[in-house]
2 protein chains.
Amino acid sequence: MFSTTCQYAIRAILYLALNTDDNHKIGADVLSEELEMPKHFLAKILQQLTKSGFVSSSKGRNGGFYLSDKDKASNLLEIIYVIDGPSRFENCILGLKECSGKTPCPYHSDVQTFRRDFKSKLQNETIFESAKRIAENNLTLNINH
Amino acid sequence: MFSTTCQYAIRAILYLALNTDDNHKIGADVLSEELEMPKHFLAKILQQLTKSGFVSSSKGRNGGFYLSDKDKASNLLEIIYVIDGPSRFENCILGLKECSGKTPCPYHSDVQTFRRDFKSKLQNETIFESAKRIAENNLTLNINH
DNA sequence: TTTTAATAAGACTTAAATATCTTTTTATCT
DNA sequence: AGATAAAAAGATATTTAAGTCTTATTAAAA
Ligand code: FES
Ligand code: FES
C-alpha cells in the first residue's frame with residue numbers, strides 16, 4: 001500500500017507528534033533507534049518533510065526535529081502525498097490506465113469504497129488528533145513500545 | 001497493493017478464463033498484445049503459473065496457454081499467493097513486525113477489516129465465477145476492451 | 001573563540017523488481 | 001523428414017527503491 005519510505009515517514013511524524021514540540025526536540029539519531037529505522041535514510045526523509053513544511057528542525061548543538069503546533073494541525077494525507085504522491089489512492093489495483101466507474105476493473109468497487117473511506121479518515125484527522133487517539137488507545141508505532 | 005507481476009498475472013488469468021478452454025488456446029504473443037503487457041515478461045509469468053498448476057499449456061505448433069475446467073475451479077487468492085505470497089494481506093501497513101489486534105498500529109482496524117473482506121471475496125469466488133461476473137457486468141481487463 | 005553536536009546536501013552503493021534477449025525443447029503441419 | 005511455430009528455460013540488462021557514506025553548514029556550549 002505505502003512505500004517503505006512513506007511508512008517510515010508516517011511512523012516518524014506520529015512519533016514526533018507524541019513526543020516533541022517547540023521545546024522538546026529529538027535528533028534523527030535517537031529517533032532512528034527508537035523506531036528501528038536506518039539512520040541516514042530517516043534523516044533524508046525528515047529533511048524532505050522539513051523542506052515541504054510538515055516538520056520543523058533546528059541545526060547545531062541541541063538541535064533536532066520536532067512538530068510545532070502548526071505542524072500538528074496538518075494531516076497525514078498531505079504527508080503521504082509528498083512522499084508517495086496520490087497514485088496509491090488513485091491507480092487501478094490491477095494496473096489499468098484508467099481507474100473510474102466508467103470502465104471499472106473486476107475489483108474496482110470493493111477497492112474504491114475502502115480507499116475513499118481510508119483517504120478521508122487520513123485527511124479529516126489532524127496529526128494532533130491522530131496522536132491523541134494513539135495515546136488514548138495505546139496504539140503501536142514500534143514493536144518495542 | 002499487488003506487484004506489477006501479480007497485476008499481469010491476475011489480468012492474464014481472467015482473460016484466459018473468458019477466452020480459452022481445452023479447445024481454444026492463445027499464444028503468449030497474442031495475449032501480450034491484447035492486454036498490453038511486455039511479451040517475454042508475460043510468458044515467464046504464465047510459465048510459472050503453468051508449473052504451479054493454475055494454467056494449462058501445450059507446446060509446439062498450434063500450442064498456447066489456456067484454462068481447463070479444472071483450472072477454472074481455482075480461485076484468485078491462490079494465484080496471488082503464488083506470485084506475491086501472503087504478505088500483501090498479512091503485513092502491517094506501516095511496516096511493523098507484528099500485525100495483529102494485540103499490538104495494533106493506528107490504522108490496523110481500518111485496514112484489517114477491508115483486507116479480511118477482500119481476501120475472502122478473492123478466495124470464495126472461483127475463476128469461473130469471476131469470469132462470469134466480468135462478462136455479465138462488462139468489466140474491464142484492458143483499457144481497449 | 002574553539003570545540004562540539006546537530007541538520008543539510010549530495011554522491012555513492014546495494015538490492016530488488018521489471019524487462020529483454022537468446023537458446024532449447026516440443027508438437028504439428030507440409 | 002524437414003520446416004515451422006509454439007512454450008520452456010535461463011542468462012542478461014535496465015530501472016527503481018532502499019540504504020550508506022562523506023562533506024558542508026549551523027548554532028550552542030565550553
Ligand atoms: S479500475 Fe481497477 S481499481 Fe479502479
Ligand atoms: S498492525 Fe498495522 S496494519 Fe495491522
Side-chain angles (χ1 to χ4, degrees), chain A residues 1-12 16 20 22-33 35-68 71 80 82-85 87-88 91 95, chain B residues 1-12 16 20 22-33 35-68 71 82-85 87-88 91 94-95:
Chain A
M1 178 106 209
F2 301 124
S3 68
T4 303
T5 305
C6 196
Q7 294 177 339
Y8 289 164
I10 294 170
R11 287 167 55 207
L16 290 176
T20 70
D22 287 344
N23 311 309
H24 301 85
K25 303 166 187 176
I26 186 172
D29 211 330
V30 176
L31 189 52
S32 76
E33 291 196 352
L35 295 176
E36 297 184 82
M37 296 172 187
K39 187 166 108 177
H40 292 108
F41 195 24
L42 172 62
K44 276 184 53 168
I45 296 167
L46 291 174
Q47 282 158 25
Q48 186 186 353
L49 291 173
T50 300
K51 245 191 185 170
S52 320
F54 295 107
V55 168
S56 300
S57 72
S58 63
K59 288 171 88 169
R61 209 168 192 180
N62 294 352
F65 295 96
Y66 64 101
L67 293 195
S68 67
D71 294 334
I80 291 164
V82 165
I83 307 284
D84 277 350
S87 63
R88 290 288 192 311
N91 285 180
Chain B
M1 177 106 210
F2 301 126
S3 69
T4 302
T5 305
C6 196
Q7 293 178 339
Y8 290 164
I10 293 170
R11 288 167 56 206
L16 290 176
T20 69
D22 287 344
N23 312 310
H24 301 85
K25 302 165 189 178
I26 185 172
D29 211 329
V30 175
L31 188 53
S32 76
E33 292 196 352
L35 296 176
E36 297 184 80
M37 295 173 187
K39 188 166 107 176
H40 291 107
F41 195 26
L42 172 62
K44 276 184 55 167
I45 296 166
L46 290 173
Q47 280 158 27
Q48 186 186 351
L49 291 173
T50 300
K51 245 190 185 171
S52 320
F54 295 106
V55 168
S56 300
S57 72
S58 64
K59 287 171 89 168
R61 209 170 192 175
N62 295 353
F65 294 97
Y66 63 101
L67 294 195
S68 65
D71 294 333
V82 165
I83 307 283
D84 278 349
S87 63
R88 290 288 192 310
N91 284 181
L94 298 187

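Chain letters run A, B, ... following the sequence lines, proteins first and then strands; every chain starts at 1.
A/Ser3 places a side-chain heavy atom less than 4.5 Å from the side chain of A/Arg88. Between A/Thr20 and A/Phe65, every side-chain heavy-atom pair lies at or beyond the 4.5 Å cut-off. With contacts defined as side-chain heavy-atom distances shorter than 4.5 Å, the pair B/Ile83/B/Gln48 qualifies.
Not one side-chain nitrogen or oxygen of A/Tyr8 sits closer than 4.0 Å to the OP1 or OP2 atom of D/dA18. One finds no side-chain N or O of B/Ser57 lying less than 4.0 angstrom from the OP1 or OP2 phosphate oxygen of D/dA6. Look at B/Thr5 and you'll find a side-chain N or O under 4.0 angstrom from OP1 or OP2 of C/dT18.
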Query raised in the report: For nucleotides 23-30 of chain C, read 5' to 3', which letter fits each nucleotide if B means a protein heavy atom sits under 4.0 Å from the base, S means only the sugar-phosphate is that close, and - means neither?
Result: --BBBBB-
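Between B/Glu33 atom CD and D/dA6 atom C1' the separation is 15 Å, expressed in whole Å. Whole-Å rounding puts the A/Phe2 CZ to D/dA18 P distance at 14 Å. Rounding to whole angstrom units, NZ of residue A/Lys39 and P of C/dA5 are separated by 13 Å. Protein atom CG of A/Asp29 is 14 Å distant from nucleotide atom P of C/dA8, rounded to whole Å.
Distance check, rounded to the nearest 0.5 Å: CE of B/Met1 to CG of A/Asn91 gives 14.5 Å. In this structure, A/Asn23 CG and A/Tyr66 OH are separated by 9.0 Å, a value rounded to the nearest 0.5 Å.
Between A/Arg11 and the choices A/Leu42, A/Leu31, A/Leu35, A/Leu16, the side chain to side chain contact (heavy atoms under 4.5 Å, CB included) rule is met once, by A/Leu35.
Nearest heavy atom pair, residue A/Gly53 against residue A/Asp71, reads O-OD1, 3.7 Å. Taking both residues in full, the closest heavy atoms of B/Pro38 and B/Tyr8 are given as CD-OH, 3.6 Å, listed atom of the first, atom of the second, then distance.
Non-hydrogen atoms lying under 4.0 Å from DNA chain C are contributed by B/His40, B/Phe41, B/Lys44, all within residues 40-52 of chain B.
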